[in-house]
2 protein chains.
Amino acid sequence: MLSLSNDASTAVEAEGDDLCSLTRLIGDPDGAKETVKKLRALMKKIEKEDSDSEIGVFKAAADPCRIRILKLLKEGELCVCEIMTALNRPQSTTSHHLSILREAGLIRERRAGKWLHYRLSDGAVIELLNQAKLLKDK
Amino acid sequence: MLSLSNDASTAVEAEGDDLCSLTRLIGDPDGAKETVKKLRALMKKIEKEDSDSEIGVFKAAADPCRIRILKLLKEGELCVCEIMTALNRPQSTTSHHLSILREAGLIRERRAGKWLHYRLSDGAVIELLNQAKLLKDK
DNA sequence: CTTATATATCGAAATGCATTGATATGTTCC
DNA sequence: GGAACATATCAATGCATTTCGATATATAAG
């Protein structure tokens, strides 16, 4: 099993492990070393960008109930009790899904008296759905 | 609890249930009935579109490992053993994630001898990531 | 301040998903 | 055909998420 720690010694060990397979792959040890170095650098760059909120966005959209909510809201603002009516799901379930969408930044709320009206937070949400649809159609 | 079945009788019953809360919400029974009708029609339209593959796309992107793979592949084609080197994860784990991305249509494979090279399936994948990033930045 | 209503949060059960070692499949080379 | 290697699939384990009833919070009205 490869180590996940970051200190220098285990990093060197891990590099040794990787070289086993990559040397064979590439055919020469120096080329393999070079490739590993490039991959590590690229990975470091990728891990430095915080991907958490991106993942949150995708997680939020990755549920049938929540996709339905997003598609409903494409037509305009709705309050919670309208959404639960449309979904045909209990209030606690509906509310839970709304809070996940809200925390991911996909929807916004507006209070009007005792009612909360939800809407898509931005045109980017619609674009996100469009891109997913594009991908599915191929 | 609201019924999930589709036949006429239970649909009427369910409509009655919904009217309880929506009538109060809107203030007049006729307006409520109208609203419920609209919501049901909208929902029927939404459920008719097959959202499954869209959900598959979002599910595939909703994992730290897999987001990393997508970002790696933005730089160009890589074979499995390069990807597992970069991710620092066992082969079976890496392969599993690749198969999910492949089935969702986000990546494609190309065989070259005993190696499989993976690449992003389309520019739409990059656009998808961009839209998610846009959303997170607000 | 009490009651009614709309929504959020909690807690428990059920389900789904990520991870990984072990094993199977497919490819190359001899 | 058999050995070596790259990758996929299987099966078991543990963790995360969904669902939903029960309860809490917030707002409005009397």
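Chain naming here is simple, since letters A, B, ... match the order of the sequence lines and numbering starts at 1 in each. Hydrogens, waters and symmetry mates play no part in the numbers below; they use all other heavy atoms, side chains included. On a predicted model such as this, the values are computed, not experimentally measured, just so you know.
With hydrogens and angles disregarded, a donor-acceptor distance shorter than 3.5 Å links the side chain of Glu82(B) to the backbone of Cys79(B). Between the side chain of Arg108(B) and the backbone N or O of Asp122(B), no donor-acceptor pair lies under 3.5 Å. Side chain of Arg111(A) to main chain of Gly113(A): a donor-acceptor pair is present (N/O by atom type, distance under 3.5 Å, no hydrogens or angles).
A close approach under 4.0 Å does occur between a side-chain nitrogen or oxygen of Arg66(B) and OP1 or OP2 of dA18(C). Contact annotation: Tyr118(A) side-chain N/O to dA6(C) OP1/OP2 distance is not under 4.0 Å. At dA8(D), none of the side-chain N or O atoms of Ser99(B) fall inside 4.0 Å of OP1 or OP2 (strictly under the cut-off). Listed pair Lys114(B) / dT7(D) fails the phosphate criterion, with no side-chain N or O lying under 4.0 Å from OP1 or OP2.
Counting distance only, with no hydrogens placed and no angle test, the side-chain atoms of Gln91(B) and the base atoms of dA6(D) include no donor-acceptor pair under 3.5 Å.
Separating the CG atom of Leu78(A) from the P atom of dT7(C) is a distance of 11 Å, rounded to the nearest angstrom. Put simply, CZ on Arg111(B) is 17 Å from P on dC5(D), counting in whole angstrom units. Summarising the geometry, the separation between CE on Met84(B) and C1' on dA18(C) is reported as 17 Å, rounded to the nearest angstrom. Leu101(A) has its CG atom 10 Å from the P atom of dT18(D), to the nearest Å. Atom CZ of Arg102(B) is separated from atom P of dA8(D) by 6 Å (rounded to the nearest Å). Atoms CD (Glu103(B)) and P (dA18(C)) sit 12 Å apart, rounded to a whole Å. If you take CG of Leu116(A) and P of dA26(D), they are 12 Å apart, rounded to a whole angstrom. One interatomic measurement links the two molecules: CD of Glu82(B) to C1' of dT7(D), which rounds to 14 Å at whole-angstrom precision.
With distances taken from any side-chain atom of Cys65(A) to the nucleotides dT19(C), dA8(C), dT19(D), the minimum falls on dT19(D). Side-chain proximity of Cys79(A) to dA18(C), dT7(C), dA8(C): nearest is dT7(C). With distances taken from any side-chain atom of Trp115(B) to the nucleotides dA6(D), dT18(D), dT7(C), the minimum falls on dA6(D). Closest to the side chain of Ser92(A), from the set dC20(D), dT7(C), dT18(D), is dC20(D). Nearest to the side-chain atoms of Lys59(A) among the listed nucleotides dT17(D), dT9(C), dC20(D) stands dT17(D). Checking dT19(D), dA8(C), dT20(C) against the side-chain heavy atoms of Thr93(A) singles out dT19(D) as nearest.
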I would like to know whether Glu75(B) and Lys38(A) meet salt bridge (Lys or Arg N to Asp or Glu O under 4.0 Å); could you show each step before the answer? CA-CA 11 Å; Glu75(B) 310 291 326; Lys38(A) 266 187 208 160; over 6 Å; no
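Among the protein residues, Ile83(B) comes within range of no part of the nucleic acid, since none of its heavy atoms lies under 4.0 Å from any strand. Counting any heavy atom pair closer than 4.0 Å across all strands shown, His97(A) reaches sugar-phosphate atoms only and no base atom.
Considering Met43(B), Lys48(B), Lys44(B) as possible partners of Ile46(B), the one that fulfils the side-chain contact (heavy atoms from CB on, under 4.5 Å) test is Met43(B).
Residue order along DNA chain D, read from the 5' end via each residue's closest nucleotide, puts Glu109(B) first among Gly113(A) and Glu109(B).
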